[in-house]
Amino acid sequence: MEQVGARKERGGAVIELENVAYNYGGGELLSSVSLKLAPGSFHFLTGPSGAGKTTLLKLCYGDLLPTAGDIRLFGRSLAEMDRNDVALLRRQMGVVHQDCRFLDHLDVAENVALPLIVSGRDVGAYAQNLDELLNWVGLTHRSHALPPELSGGERQRAALARAIILSPDVVVADEPTGNIDWEMSQRLLTLLVELNRMGKTIVVATHDLGLIRAAKALVQARVLRISNRRVQLAGADL
Amino acid sequence: MEQVGARKERGGAVIELENVAYNYGGGELLSSVSLKLAPGSFHFLTGPSGAGKTTLLKLCYGDLLPTAGDIRLFGRSLAEMDRNDVALLRRQMGVVHQDCRFLDHLDVAENVALPLIVSGRDVGAYAQNLDELLNWVGLTHRSHALPPELSGGERQRAALARAIILSPDVVVADEPTGNIDWEMSQRLLTLLVELNRMGKTIVVATHDLGLIRAAKALVQARVLRISNRRVQLAGADL
Amino acid sequence: MRALLSLPKSIWRRVTGAEAQSDRVVPPSGFTAQLTLFASAAMAFLAVFALALSLASGRLADRWEADLAAGATIRVVTPAGQQDAQVAAALRVLDTTAGVASARALTAEEHEALLAPWLGEGLDLSTLPAPRLIEIEETADGSFDPAGLRLRLAAEAPGAVLDDHRRWREPLTRAAGRLRSLGWIAMVLILATTGAMITLAANVALAANAQVISVLRLVGATDAYIARAFVRRFTLRAGLGALIGTLFGVAAILFLPSAGSSAGILTGLGFAGWHWFLPWLVPVLAAFVAFIATRASARRTLGGLT
Amino acid sequence: MRALLSLPKSIWRRVTGAEAQSDRVVPPSGFTAQLTLFASAAMAFLAVFALALSLASGRLADRWEADLAAGATIRVVTPAGQQDAQVAAALRVLDTTAGVASARALTAEEHEALLAPWLGEGLDLSTLPAPRLIEIEETADGSFDPAGLRLRLAAEAPGAVLDDHRRWREPLTRAAGRLRSLGWIAMVLILATTGAMITLAANVALAANAQVISVLRLVGATDAYIARAFVRRFTLRAGLGALIGTLFGVAAILFLPSAGSSAGILTGLGFAGWHWFLPWLVPVLAAFVAFIATRASARRTLGGLT
Ligand SMILES: Nc1ncnc2c1ncn2[C@@H]1O[C@H](COP(=O)(O)OP(=O)(O)OP(=O)(O)O)[C@@H](O)[C@H]1O
Ligand SMILES: Nc1ncnc2c1ncn2[C@@H]1O[C@H](COP(=O)(O)OP(=O)(O)OP(=O)(O)O)[C@@H](O)[C@H]1O
Ligand SMILES: [Mg+2]
Ligand SMILES: [Mg+2]
């Protein structure tokens, strides 16, 4: 029930965009974007502010529907899915939102455990997992704080922890290091690389070229750049 | 009426912390912090995530009251001020909040003009000013969008524009470049430097060491680092 | 108000098991909760009164109806010696009149009771040559013809005068009927208002929680899961509020000082027999209205948010 | 409901000049606005009815009071020849009785009218040796002593029987009084409910706008400025809603089909004379309550947020 058409075609792409276009009602923001993210690949997404990085990521996790073209997630076309399918799909995709949002009435630990709660899993069984994760992102001492009491960087780390608690097949992170110092971003990067080595597909939107350079030293990452409404593979200059 | 004890003592500090301590009810976050920011100075504030940069800035613009010690803004002690005084004080301090918040029912231009509106100024008289500012931060084409329709970087630029529209004496910016690409952060930096040359006092919290290095090439900036609950002047290693 | 609101809150926590994990994902939304509780309590309180009013005027109408069911009366005014004969003659005429179900001469006691308010009690009618009265009960279709009957009586019992009560009964029963329908209309209005109020409160809550909904969606909650949390909460709140309001309403009616028997409508403002069962339907109905209203509003909101 | 709500919205925009810069800083808060409008309209509607009920039962009580002001009656039951003499004797006794303001024998017509419902119209009383009635009007302090009067009458006019009306009047006037106070209590309850509802709605709005408030503070808005925007909005909304409710209530009372003269309370459910002025106080009061409630709630909220 939870595996929405999960990787039937082992060799196929996890996320596949075919001739996708998108606009928010005004001028075209993205047009004829075709992409194939293979399982286990590591991608960076860059481009100037307002180019459409967040938009493209939202298309990739089914939060927006393309105005033209087709998107296939785990081999299944988004156009064929209903809301329920998308909800189930989300359980296989960990998402770090750019303005990481939380439930402000639940504490950090509960927020991180939220994907377990809404998918009806027994949170108790994941307790150790949760503790380790919180420790990893350095939030153990803040685990009973409410989200509005977190610092900017703490929020981003909590959002990352929440995104990966279900051990999803795909991790999509939008500017995960915008508010984090260099040292902490190195740790997050290491975590993402580790996940990637476990076979997860990783997509990270960032404007932090330093992060990309650092990643390239650790993993075979492709860099996609949005410019002029197209997505291009960035050259070796990065 | 609007000049709350404005720089009576020309030689004095604009922002002065004396033996300030702060905690959010738990353990001490900052203790015995003493600082003097002279008019026209340019300061960076760094430190690891969760060290208290945002907290220190909030103390500096009167959003939080110190648990011990005294804070003087424009030569006047915060302890002596009531809410109304703080409100008037804010009109002389442009603040860029870390999670830049807007009024979601007003468009970008109106949000940027908000300080004019709440201080009862005639927005019409500032129209050209507003246009130039929007152009400067590259938001002219988005000026009629609602804040939730902005990209992360666009939000930060709008927040900066809002902070400086009243041409305040002090600009306090908390991670203003967290979501902005390198090129755009250079532009913001240039803008801040320009303001500083006009005599404004600038305080920027950031974890972006690149930004600090770039600034040092342009202006005589001091770098403050929070570590172990203290604020120290960072060495030449930066 | 504090006390009123803190009690339901603690009951509320138990009833809903607010600590249950799946319910915690929706924030407690303090003021909206209080608003819903308060609004449905107030409305239930009013509904109980309207219900009591309807039932009481129903009973009043029935009583007036019964009191005047005789439909018509015949007064036999003759010299004392002839009264019995003329009464008998009139009764014979009535026996063969279409539309008359039964006819009966009032006994002396009944007659006395009727006149007591005006002539004083302990009056001995036999000392007064007062008229004798015959009560006529019409058939259900009420189709007897007063004019024809008058003619026949004139011939056979000249001292008998037909007095048609319908001119008394009709306006009275009409008035009671109107009071009753006023009560029902008030009930319907109150329920509709409650429904509208709860729908609005649910909409306020849903609108205020747009961000909560988007977070829940982000982490893979289905719409059914999200809607359920809101619907359950509002249904229980509305039901609980209405229960409190009903309790207060019933208590108020119970302890309403009862007037003397002469104060018709007011004394009657209570429940009788199985009618005591009816006010308890108010919270059930309120919960049901809240359920429908919140579900519709949750579906609309969830459908509207991308 | 759509139509009901869109009309006030457009009026609202004009009344408030919602486009005015300083008002725009507070978001329109759609559902909370509708809730406030709707709740105060519903409450005003009910308040108008309660007011009408109070006034009508006040009038009813006055009428019953007047009808039975005679206080007591004396029935003179004697053989026909002695009646006039005994009536005169009784009147003489009454003349010298403390607590009796005036006394008067009913005329034949009055007597007839009194008995008509029971004995039929067109009755010639002179053919019946019916008792004569004397109406007694008490002095304002109502302190006459029935037992003493009975003794004196027994001596001077043995056929005269004192019939004290107070046993009729008291329960009736008490009932009307109770109906009137029920109306006033309902009024007060409704106003209190409206106040509570608007306070809650204002709290909901303020709580939902905590972020708006923090943004406004960040850019240097004073608390007075922020509070003003909320207070103005809620006061106008509550007043407007109540005005709409009052209009509907007054219209409903105007067009309530009036019953025959026999339906006492119901026919009376309307306003008379200067009472027409009273329902229009409802919106004023509602706006005032909203003003007080919102200001208190704004001050509390603003004081609470750091
Ligand atoms: N809901 C929306 N409605 C209308 N326009 C929108 C909406 N969301 C985003 N946009 C616009 O679309 C463009 C792309 O936005 P997007 O958030 O994808 O940019 P981005 O590449 O993520 O930028 P950043 O690096 O600043 O986060 C921006 O100009 C933005 O203003
Ligand atoms: N309202 C609050 N209540 C309790 N604790 C708080 C509150 N706000 C912040 N904190 C805690 O205080 C510490 C310092 O927070 P602050 O936001 O000042 O950090 P920061 O240096 O700005 O970090 P970052 O670089 O991540 O933004 C953090 O551990 C945070 O969790
Ligand atoms: Mg973005
Ligand atoms: Mg910070």
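Computed from a predicted structure; not experimentally measured. Below, chains carry the letters A, B, ... as their sequence lines are ordered, and counting in each starts from 1.
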Okay, D:V215 and chain B: the region with an atom under 4.5 Å from a heavy atom over there is side chain

Please look at B:Y61 and chain D and tell me whether the side chain, the backbone, both or neither of the residue comes under 4.5 angstrom of a heavy atom of that chain. side chain

Is the closest side-chain heavy-atom distance between [X] and [Y] below 4.5 Å?
X	Y	result
D:L216	B:L103	yes
D:D223	B:N84	no
D:Y225	B:V118	yes
B:H97	D:L218	yes

If you take all heavy atoms of D:A221 and B:A87, which pair is closest and at what distance? O-CB, 3.6 Å

What is the minimum heavy-atom distance between D:R217 and B:R83, and which atoms define it? NH2-NH1, 3.2 Å

Under 4.5 Å, counting heavy-atom pairs only, tell me which of B:N111, B:I165, B:L65, B:L106 racks up the most with chain D. B:L106

Which of the residues B:A163, B:P115, B:P168 is involved in the greatest number of heavy-atom pairs with chain D at under 4.5 angstrom? B:P115

May I ask you to decide if D:G220's main-chain N or O and B:R91's side chain share a donor-acceptor pair within less than 3.5 Å? yes

More than 12 non-hydrogen atoms from neighbouring residues, nucleotides or ligands closer than 6.0 Å to NE2 on B:H144, yes or no? no

